[in-house]
Each structure stands twice: as structure tokens, then as C-alpha cells.
Colleague: 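Here it is, the structure, as C-alpha cells.
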There are 2 protein chains.
Amino acid sequence: MQQIGFMLSTGKFDNLRAFYKQILPNMTEDSWMIIENVLHVRTVKKGDFVVREGNVCDYVSFMNYGLVSMYYLVNGKERIISFCNEHNYISDYQSFLTRNPALTFIEALEDTEIVDISYADLQMLYQKVPEANIIGRLIAEQVFLQMSEGSTAEAKETILERYTNLINKHPWLLQRVPQYMIASSLGITPEALSRIKSRVAKQRRVKSISGLT
Amino acid sequence: MQQIGFMLSTGKFDNLRAFYKQILPNMTEDSWMIIENVLHVRTVKKGDFVVREGNVCDYVSFMNYGLVSMYYLVNGKERIISFCNEHNYISDYQSFLTRNPALTFIEALEDTEIVDISYADLQMLYQKVPEANIIGRLIAEQVFLQMSEGSTAEAKETILERYTNLINKHPWLLQRVPQYMIASSLGITPEALSRIKSRVAKQRRVKSISGLT
DNA sequence: TATAAATCTTAACCCAGATCAATGAAAAAT
DNA sequence: ATTTTTCATTGATCTGGGTTAAGATTTATA
């Protein structure tokens with residue numbers, strides 16, 4: 001029976017703990033224990049869902065490993081909002097905060113392991129662990145900044161710029177995600193992305209022939 | 001001289017205080033006094049700026065009265081992100097949090113009065129006033145939800161739907177903001193919005209002639 | 001009230017990306 | 001190794017909104 005205790009401390013929470021220690025270097029061991037007690041590990045097989053449209057998203061989840069996409073379904077078609085890989089938070093935070101049904105799907109693109117904290121437990125932590133409010137604030141700020149960067153890019157950059165920036169910033173996307181999903185995350189069809197890329201390739205060829213490179 | 005003290009308590013902070021009391025019914029008078037000491041009132045004339053692109057946004061501001069628009073400048077043209085009127089928070093929160101230069105302008109569309117709290121003072125409050133972390137968290141959450149609603153609408157609704165929803169939700173916009181700004185906030189030109197509206201009007205006429213209404 | 005300035009509407013033309021369809025290439029499954 | 005399935009590319013055509021430009025209407029100001 002004690003073995004369960006040992007199993008729980010085999011490191012499933014290590015990533016998250018490191019994350020918190022970085023934010024709050026002087027969080028007490030007591031506080032951490034209270035937090036650890038409400039954490040739950042969940043594994044999600046490739047193709048399964050972390051969140052489904054229509055259900056209230058009851059968790060904020062820390063990605064231990066794996067990869068997920070978050071998307072809307074618009075006229076039966078996926079419109080990807082973002083990808084999320086290991087060591088980041090994932091949640092339909094809008095649904096989580098408002099307690100309204102999620103408008104998104106969060107789907108595992110690879111076998112994925114996450115650490116859940118439920119809405120109720122988080123509210124409890126806000127009451128019992130003073131540091132939790134700081135963590136909650138920082139999560140909200142971080143989630144805001146992520147979304148904010150997305151809209152800034154959408155407003156100020158051309159699709160080509162957004163594509164190259166995306167790839168430069170997250171080179172692993174090319175290895176782990178098919179191009180049609182990247183297109184979707186840019187808000188265009190795979191055909192359009194293909195054409196944009198070939199246009200660039202053509203221009204480069206012309207330039208180098210005319211000796212401009 | 002004491003009169004200044006009296007002048008400061010003529011109610012410039014009443015709106016904000018009510019706002020906080022609503023969030024934290026049992027905040028102590030002491031905590032409030034510490035907060036009140038770092039608040040500063042600022043008036044902004046119509047046409048002047050609360051935030052300019054290129055400057056770090058150093059304040060989160062509560063709108064006492066007035067109306068502002070927040071926008072990007074893209075190829076010399078305004079792309080409005082949002083409007084904000086009395087009794088809401090306004091800030092380039094991205095710049096505020098990251099301490100990077102703002103990418104936006106926040107411009108007063110009417111004579112406006114705001115209550116500023118500076119970044120440094122807010123960090124101080126996070127240290128000294130426990131409740132401040134809750135307020136900070138709730139502000140971050142609220143700002144996130146606002147932006148989040150915006151992107152959801154952009155992804156899931158047609159422009160016409162977004163227009164009618166916008167007007168239904170904020171009817172005062174029609175009175176206080178020219179249509180070309182509303183168009184900009186929908187991401188289209190004034191010409192396009194005009195066309196869309198006349199298309200709808202025409203369809204309605206056809207329907208009522210053929211007796212469908 | 002008259003005049004100027006700002007705003008809204010309408011029309012003609014253009015273009016980036018959508019849609020539909022066909023072909024190839026690559027990966028997975030058998 | 002061979003057959004499927006999935007994914008990427010390319011072409012043809014369509015379309016919503018952009019652009020430009022001209023009036024019309026409203027609002028502001030003398």
C-alpha cells in the first residue's frame with residue numbers, strides 16, 4: 001500500500017514543481033505538499049481529447065510530455081488556435097474561468113501526459129495557500145501574453161511573416177505537425193500555404209539567377 | 001493646504017473603490033488606504049493619447065469617464081482592437097507586463113479621466129497587500145477573457161454576425177463612435193461595412209415584398 | 001444660415017485566398 | 001513488397017473584401 005506513495009513520488013510532478021520553484025523560489029515545503037495533494041496525472045492517447053466543445057473545461061493542465069492542438073470547429077472544419085507541447089500549461093481557460101461550455105477542442109497529436117488541477121481545488125488553494133494567488137496571477141498573465149502575441153501577429157504581419165516567425169520560434173513544429181495543420185493555425189488553407197511557399201522559392205531562384213544573392 | 005487633502009477625497013477614487021469592494025467585500029480599510037496612496041488621477045483630452053506605440057506602458061488605468069480606442073498602426077492605417085469606456089480597466093497590458101515598448105496606441109475619443117496605478121507601485125502592492133495579488137489575478141483574468149472573446153468572435157462568426165453582436169452588446173457605440181471606426185474594429189474597411197449593411201437591408205426588403213415576413 | 005469638414009454610400013475594378021478537382025509523393029498498414 | 005491512406009502540390013475558377021474615386025449626407029463652425 002505504501003508503494004502507492006512511492007509511486008506518486010517517482011517524478012510525475014517534478015516538472016511542475018521545478019516550474020513553481022522557478023516562479024516562487026521561497027515557497028515552503030508545506031505549501032508545496034498542499035498543492036501536490038490536489039494534482040492528478042492523466043494520460044491522453046494520440047487522437048483523444050483533453051477538452052471537448054460543449055463540456056466545461058474543469059482543469060488547468062501542465063504538459064509533462066506530448067503535443068496537443070487547440071482548435072475551433074467552424075462549419076465542420078478545424079480552425080487551429082495554437083499548439084502546446086511539454087512544459088507548458090494547457091486549458092480552455094475561457095471555459096475554465098467562466099464555467100461555460102468550452103467552444104474549443106484540445107486534441108492530443110501525440111501520446112501525452114498532463115498534470116491536472118481542478119477548478120474547485122484551485123479555488124481551495126487560493127483560500128489556503130497564499131502563494132497560490134501569485135501562481136494564479138502569473139498563469140493568467142502568461143496565458144494572456146500567449147494569446148496576445150497571437151493577435152498581434154495576426155494584426156501586424158503578413159501570412160508569410162507569420163509562417164517564418166512561427167517556424168523560427170518553434171522549429172520542432174515542422175517535425176511533429178503536418179503542414180495542413182500549420183496552415184490552419186495561420187488561418188489559411190493548405191493549398192494557400194503551399195502556393196505561398198512555392199512563390200517564395202521561385203522568387204529566390206530568380207534572384208540567384210540574376211546574381212542578386 | 002489641507003484643502004488638497006479634501007480635494008483628493010472628492011470622489012475621484014469612488015468608482016474604483018466600489019469596483020474593489022465588489023471584488024473583495026472584506027478588504028480592510030488599511031489595505032485600501034495603502035492602495036489609495038499610489039493612485040493618481042489623469043485627464044486626457046479628446047485626441048490625446050493614454051499610450052503611444054514605442055513607449056513602455058507604465059500604467060494600468062481605471063476609466064472614471066470617457067471613451068478610448070486601442071489600435072495598431074499597420075501601413076499607416078489604424079486597425080482598432082477595442083474600445084473601452086467608463087468603469088473598465090485600460091492598459092497595453094502586454095507592454096505593461098513585459099516592460100517592452102507598446103505596439104499599440106490608446107487614444108481618447110472623448111475627454112477622459114482615468115485612475116493610474118504604476119507598474120512599480122503595483123509590484124509594491126503585491127508585496128505589501130496580500131489582497132493585491134487577488135486583484136492582480138482578477139484583472140489578468142478579466143483582461144484575458146476580454147481578448148479571448150474577441151478572438152473567439154473573429155474565428156467563429158461572420159463579419160455580419162460580429163457587427164450585430166457588437167451593436168447589441170454595446171449599443172452606445174453607435175452614438176459615440178463613427179462607423180468607420182466600428183468597421184476598423186471588425187477588421188474591414190468602411191466601404192465593406194457599408195456594403196454589408198446595404199446587402200442586409202436589400203434582402204429584408206425582398207423578403208417582406210415576397211411576404212416572408 | 002452658409003460654408004467647410006467629416007463621414008457615409010455607391011460603383012468599377014483588382015487581388016489574395018477559397019473552393020473544387022486532379023495528380024504525385026510519402027507514410028502506414030497489410 | 002504492395003496496397004491504402006494520408007499529405008502536398010498545382011491548376012482553374014470564384015468570391016469577399018480592398019482600392020480608388022465620385023457623390024451624398026451629416027456635423028461643425030463661422
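Naming convention: chains lettered A, B, ... in sequence-line order (proteins, then strands); numbering from 1 in each chain. What you are looking at is a predicted structure, and each value in this text was computed from that prediction instead of being measured.
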Colleague: Rounded to the Å, how far apart are L193(A) CG and dA8(D) C1'?
Modeller: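 L193(A) atom CG is separated from dA8(D) atom C1' by 10 Å.
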
Colleague: Do E53(A) and K156(B) meet the salt-bridge criterion of a basic N to acidic O distance under 4.0 Å?
Modeller: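 E53(A) and K156(B): salt-bridged.
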
Colleague: Between the two end axes of the helix from dT9(C)-dA22(D) to dT30(C)-dA1(D), each built from 5 base pairs, what angle do you get to the nearest 10°?
Modeller: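 It comes to 40° between the two terminal axes.
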
Colleague: Any salt bridge (Lys or Arg N to Asp or Glu O under 4.0 Å) pairs touching residues 60-76 of chain A, not counting sequence neighbours?
Modeller: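 For residues 60-76 of chain A, and leaving out neighbouring residues, there are no salt bridge (Lys or Arg N to Asp or Glu O under 4.0 Å) pairs at all.
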
Colleague: For I188(A) and dA16(C), what is the distance between atoms CD1 and C1' respectively, to the nearest whole Å?
Modeller: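 The distance from CD1 of I188(A) to C1' of dA16(C) comes to 10 Å, rounded to the nearest Å.
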
Colleague: What orientation do F62(A) and H87(A) show, parallel under 30°, tilted 30 to 60°, or perpendicular over 60°?
Modeller: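 Correct class here is parallel.
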
Colleague: In whole Å, I'd like the distance from the CZ atom of R199(A) to the P atom of dT10(D).
Modeller: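 Between P of dT10(D) and CZ of R199(A): 12 Å.
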
Colleague: Between I196(A) (CD1) and dT10(D) (C1'), how many Å, whole number?
Modeller: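 Spelled out: CD1 on I196(A) to C1' on dT10(D) is 15 Å.
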
Colleague: How long is the line joining CE of M181(A) and C1' of dA8(D), in whole Å?
Modeller: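 After rounding, the gap between these two atoms is 14 Å.
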
Colleague: Suppose we screen for side chain to side chain contact (heavy atoms under 4.5 Å, CB included). Which residues come up paired with N100(A), at least two apart in sequence or across chains?
Modeller: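 T98(A).
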
Colleague: Once salt bridge (charged side-chain N to carboxylate O under 4.0 Å, His left out) is applied, do any residues pair with E113(A), and if so which ones, sequence neighbours excluded?
Modeller: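 K12(A).
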
Colleague: Using ring centroids (six-membered ring only for Trp), state whether Y72(A) and F105(A) fall under 6.0 Å.
Modeller: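 Judged by ring-centre distance (under 6.0 Å), F105(A) and Y72(A) do not meet the cut-off.
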
Colleague: Would you call the rings of Y119(B) and F96(B) parallel, tilted or perpendicular if under 30° counts as parallel and over 60° as perpendicular?
Modeller: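 Perpendicular: the ring planes of Y119(B) and F96(B) meet at over 60°.
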
Colleague: Of all of residues 156-180 of chain A, which get a heavy atom below 4.0 angstrom from DNA chain C, listed by number?
Modeller: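 Of all residues in residues 156-180 of chain A, the ones placing a heavy atom under 4.0 Å from DNA chain C are I159(A).
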
Colleague: Which nucleotides of nucleotides 20-30 of chain C have their base under 4.0 Å from a protein heavy atom (B), which only their sugar-phosphate (S), and which neither (-), written as one string 5' to 3'?
Modeller: B----------

Colleague: Which letters describe nucleotides 23-30 of chain D, given B = protein heavy atom under 4.0 Å from base, S = only from sugar-phosphate, - = neither?
Modeller: --------

Colleague: Please collect all salt bridge (Lys or Arg N to Asp or Glu O under 4.0 Å) contacts where either partner lies in residues 95-109 of chain A, sequence neighbours excluded, each pair once.
Modeller: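 Matches after skipping sequence neighbours: D58(A)-R99(A).
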
Colleague: For N55(B), enumerate each residue passing the side chain to side chain contact (heavy atoms under 4.5 Å, CB included) test, keeping only those at least two apart in sequence or located in another chain.
Modeller: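 Result, side chain to side chain contact (heavy atoms under 4.5 Å, CB included) vs N55(B): R52(B).
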
Colleague: Excluding sequence neighbours, so at least two apart, what forms side chain to side chain contact (heavy atoms under 4.5 Å, CB included) with R176(B)?
Modeller: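 In terms of side chain to side chain contact (heavy atoms under 4.5 Å, CB included), with neighbours along the sequence ignored, R176(B) is linked to L67(B), N85(B), E86(B), E110(B), W172(B).
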
Colleague: Should E191(A) and K197(A) count as an ion pair when the cut-off is N to O under 4.0 Å?
Modeller: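 Result for this pair is no, no salt bridge flagged.
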
Colleague: Taking only N and O in the side chain of T189(A), is any of them less than 4.0 Å away from OP1 or OP2 of dA18(C)?
Modeller: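 T189(A) to dA18(C) OP1/OP2: side-chain N or O found under 4.0 Å.
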
Colleague: State which residues pass side chain to side chain contact (heavy atoms under 4.5 Å, CB included) with Y59(B); sequence neighbours excluded, sorted by chain then number.
Modeller: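 Side chain to side chain contact (heavy atoms under 4.5 Å, CB included) check on Y59(B) returns R42(B), S61(B), D116(B), S118(B).
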
Colleague: With sequence neighbours left out, which residue pairs that include part of residues 74-84 of chain B fulfil the side-chain hydrogen bond (donor to acceptor under 3.5 Å, both in side chains) condition?
Modeller: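 Residue pairs with at least one partner in residues 74-84 of chain B: there are none.
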
